[in-house]
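Below is one structure, written out as structure tokens; comments come after it.
Residue numbers start from 1 in every chain, and the chains themselves are labelled A, B, ... in the order their sequence lines are given, proteins ahead of strands.
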Number of protein chains: 2
Amino acid sequence: MRQQYQEIGSHEDALPSLPEAVSVGGSSGIAAKLRRAIMDGAYGLNERLPAERELAEVFQTSRGTIREALRRLQELGMVDRQIGSGTFVTYRQFSEHTEIADVTSPLELIEVRLGIEPQIVRLAVANATAMDIERMRKALLKVEGASDDPESFSRADAEFHLAMAECTRNRLMVWLYQLVNETRSHGQWTAMKESILVPERIGQYNAHHRHLYNMIAKRDLDAALDTIYDHLDKARGDLVGAVRTRSN
Amino acid sequence: MRQQYQEIGSHEDALPSLPEAVSVGGSSGIAAKLRRAIMDGAYGLNERLPAERELAEVFQTSRGTIREALRRLQELGMVDRQIGSGTFVTYRQFSEHTEIADVTSPLELIEVRLGIEPQIVRLAVANATAMDIERMRKALLKVEGASDDPESFSRADAEFHLAMAECTRNRLMVWLYQLVNETRSHGQWTAMKESILVPERIGQYNAHHRHLYNMIAKRDLDAALDTIYDHLDKARGDLVGAVRTRSN
DNA sequence: ATAGTGTAAACCATATTTAGTCCAAAAAAT
DNA sequence: ATTTTTTGGACTAAATATGGTTTACACTAT
């Protein structure tokens with residue numbers, strides 16, 4: 001007994017992370033292995049997995065066990081199975097923020113904002129507290145004070161719209177809008193900022209901002225909605241104009 | 001306190017280390033090792049640990065000791081054990097997405113979808129290719145075929161709406177909608193799914209889906225918009241009803 | 001002496017695995 | 001067009017694996 005005690009001690013020094021060496025068999029272990037293979041991208045979206053009978057040979061187990069493992073993956077929504085055809089991956093791998101930001105065009109961004117921001121306005125008018133309005137007012141002053149150069153204006157503008165998103169009191173909305181904002185700073189937008197954000201347009205955007213703030217503070221939903229649509233439509237128009245000018 | 005005073009001059013000096021440091025090989029030491037292995041992600045969520053008899057061999061100890069260690073992990077809420085099946089990890093490692101998903105209420109989710117999905121419909125009507133429509137049709141058939149149980153319906157429903165998002169040809173929109181969908185599977189929604197997704201409502205949702213598909217295929221923007229608003233308004237109504245019922 | 005811990009072995013109830021067979025749908029070959 | 005092959009779906013009965021429980025014994029520290 002005592003000898004075993006000491007053996008355990010020496011064993012421990014040799015293998016500090018012992019449990020990792022233990023692999024789990026059975027359908028659970030196979031499901032985990034396949035799951036990791038899919039998540040690691042070994043099998044891409046819509047690709048076909050090996051047939052059940054084939055997997056049974058590879059994993060040196062019976063077909064029933066493979067079926068059990070695949071059933072779990074199906075429950076997780078990672079694969080779809082079709083008689084006579086095979087088992088196909090339905091799991092979509094998430095790309096990193098930076099990647100999506102790099103391939104997102106400013107026009108795609110505006111299209112998304114045209115969906116999100118009017119809803120933000122609706123929820124803001126309904127849910128904004130006095131504190132939210134105050135935070136928005138400060139953001140407004142800041143963006144108005146940063147109207148000199150395109151870079152700082154763009155940053156302050158994003159902050160103002162984020163303050164508006166926070167008025168919704170909807171955490172998911174704020175989280176989403178933050179992600180959207182990130183694509184603004186990393187994407188192709190940076191290249192066009194200088195040419196689009198001329199003083200005249202900045203002045204117009206600021207007028208929109210101020211009116212937007214006032215209408216939300218007054219809880220005037222229709223006027224606020226009109227303003228945000230004007231704002232984004234104008235931004236889209238300026239963008240399309242810039243693209244046209246560029247390609248000419 | 002007793003012997004130590006008496007023998008403090010003899011061999012007591014030979015054991016300066018703490019009792020915990022000495023008993024690293026006992027059940028508590030094994031529990032700590034397994035706990036660490038789980039926290040390090042060697043065994044992921046819902047994965048199975050090696051069987052008790054197997055662990056006993058690996059750790060060169062008896063099954064009783066292993067059981068004692070596992071009992072502690074169970075008390076910590078890190079594992080769940082089932083007769084005839086095994087010991088499964090219940091500890092969830094933190095990830096960026098799960099955090100926001102856990103605090104997002106289903107109502108917040110609907111509010112966000114009410115902003116995004118009508119815009120998806122607009123862009124889908126404008127930009128969907130024949131291939132997109134076909135993909136949407138397949139998703140429609142799938143969701144109609146998965147209307148038996150709430151779990152599979154919910155997943156197929158998410159896929160249908162994602163297929164719709166892909167019709168926009170806007171990568172940022174697709175990416176955003178994927179993130180929104182993720183909160184559906186991890187958040188508080190899972191707890192309410194069963195009570196909300198009764199056959200009658202699933203039938204109504206399916207009618208919406210089919211009409212939505214037809215109107216997008218026909219490029220009838222107004223009808224498609226009406227449908228998506230009906231769809232989400234009804235979903236919100238069902239949700240509010242469930243919450244009210246719950247609190248009564 | 002006593003309580004606590006570890007080892008060992010046997011048995012129980014349940015769950016899983018296995019090794020088959022047959023079927024239906026899709027795909028491939030003819 | 002028809003036949004053949006491949007694929008997943010469904011089911012069965014026996015064998016195996018799993019955690020839960022009990023019992024007996026040895027060692028240690030109090």
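The distance from atom CZ of A:R63 to atom P of D:dA10 is 11 Å, rounded to the nearest whole Å. Look at CD on A:Q60: it is 16 Å from P on C:dT17, rounded to the nearest Å. To the nearest angstrom, P of D:dT7 lies 17 Å from CG of A:D80. Atom P of nucleotide D:dG9 and atom CD of A:E68 are separated by 13 Å, given to the nearest angstrom. The CD atom of B:E57 sits 12 Å away from the P atom of C:dA8 (whole-angstrom rounding). Computed from coordinates, the A:R48 CZ to C:dA26 C1' distance equals 11 Å when rounded to whole Å. Atom CZ of B:F88 and atom P of D:dA17 are 16 Å apart (whole Å). One atom, CD of B:E52, and another, P of C:dC12, lie 18 Å apart when rounded to the nearest Å.
Place A:Q82 and B:Q82 on DNA chain D by their nearest nucleotides, and A:Q82 ends up nearer the 5' end. For A:S85 and A:R53, each mapped to the nucleotide of DNA chain C holding its nearest heavy atom, the one lying further toward the 5' end belongs to A:R53.
In this model, the phosphate group of C:dT7 is approached by a side-chain N or O of B:T61 to a distance below 4.0 Å at OP1 or OP2. Between B:T87 and D:dG19 there is a side-chain polar atom (N or O) within less than 4.0 angstrom of OP1 or OP2.
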**OP:** Applying side-chain hydrogen bond (donor to acceptor under 3.5 Å, both in side chains), run through B:E117 and B:Y177 and close with a yes or a no.
**Re:** CA-CA 9 Å; B:E117 300 212 31; B:Y177 199 74; 2.6 Å; yes

Original post:
Step by step, would you call B:I66 with B:T61 a side-chain contact (heavy atoms from CB on, under 4.5 Å)?
Top reply: CA-CA 7 Å; B:I66 295 295; B:T61 182; 3.8 Å; yes

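When distances run from any side-chain atom of B:T65 to the nucleotides C:dT7, C:dT18, D:dT7, the shortest one goes to C:dT7. When distances are taken from the side chain of B:S62 to each of C:dA26, C:dA8, C:dT17, the shortest belongs to C:dA8. Relative to the side chain of B:I83, the nucleotides C:dT17, C:dT7, C:dT14 differ in distance, and C:dT14 lies closest. The nucleotide whose nearest atom lies closest to any side-chain atom of B:R67 is, among C:dT17, D:dG19, D:dG8, D:dG19.
Fit an axis to the five pairs at each end of the helix from C:dA1-D:dT30 to C:dT30-D:dA1 and the two axes sit 40° apart, to the nearest 10 degrees.
B:R63 places no side-chain N or O within 3.5 Å of a backbone atom of B:E52 that could act as its donor or acceptor partner.
Other residues, nucleotides and ligands contribute only 12 or fewer heavy atoms inside 6.0 Å of the CZ atom of B:R36.
Aromatic ring centres of B:H211 and B:H231 lie farther apart than the 6.0 Å criterion allows.
Ring geometry, B:H161 versus B:H209: the interplanar angle exceeds 60°, so the pair is classed perpendicular (tilted spans 30 to 60°).
A:V79 and A:L70 make their closest contact through CG2-O, 4.1 Å (heavy atoms, listed as atom of the first residue, atom of the second, distance).
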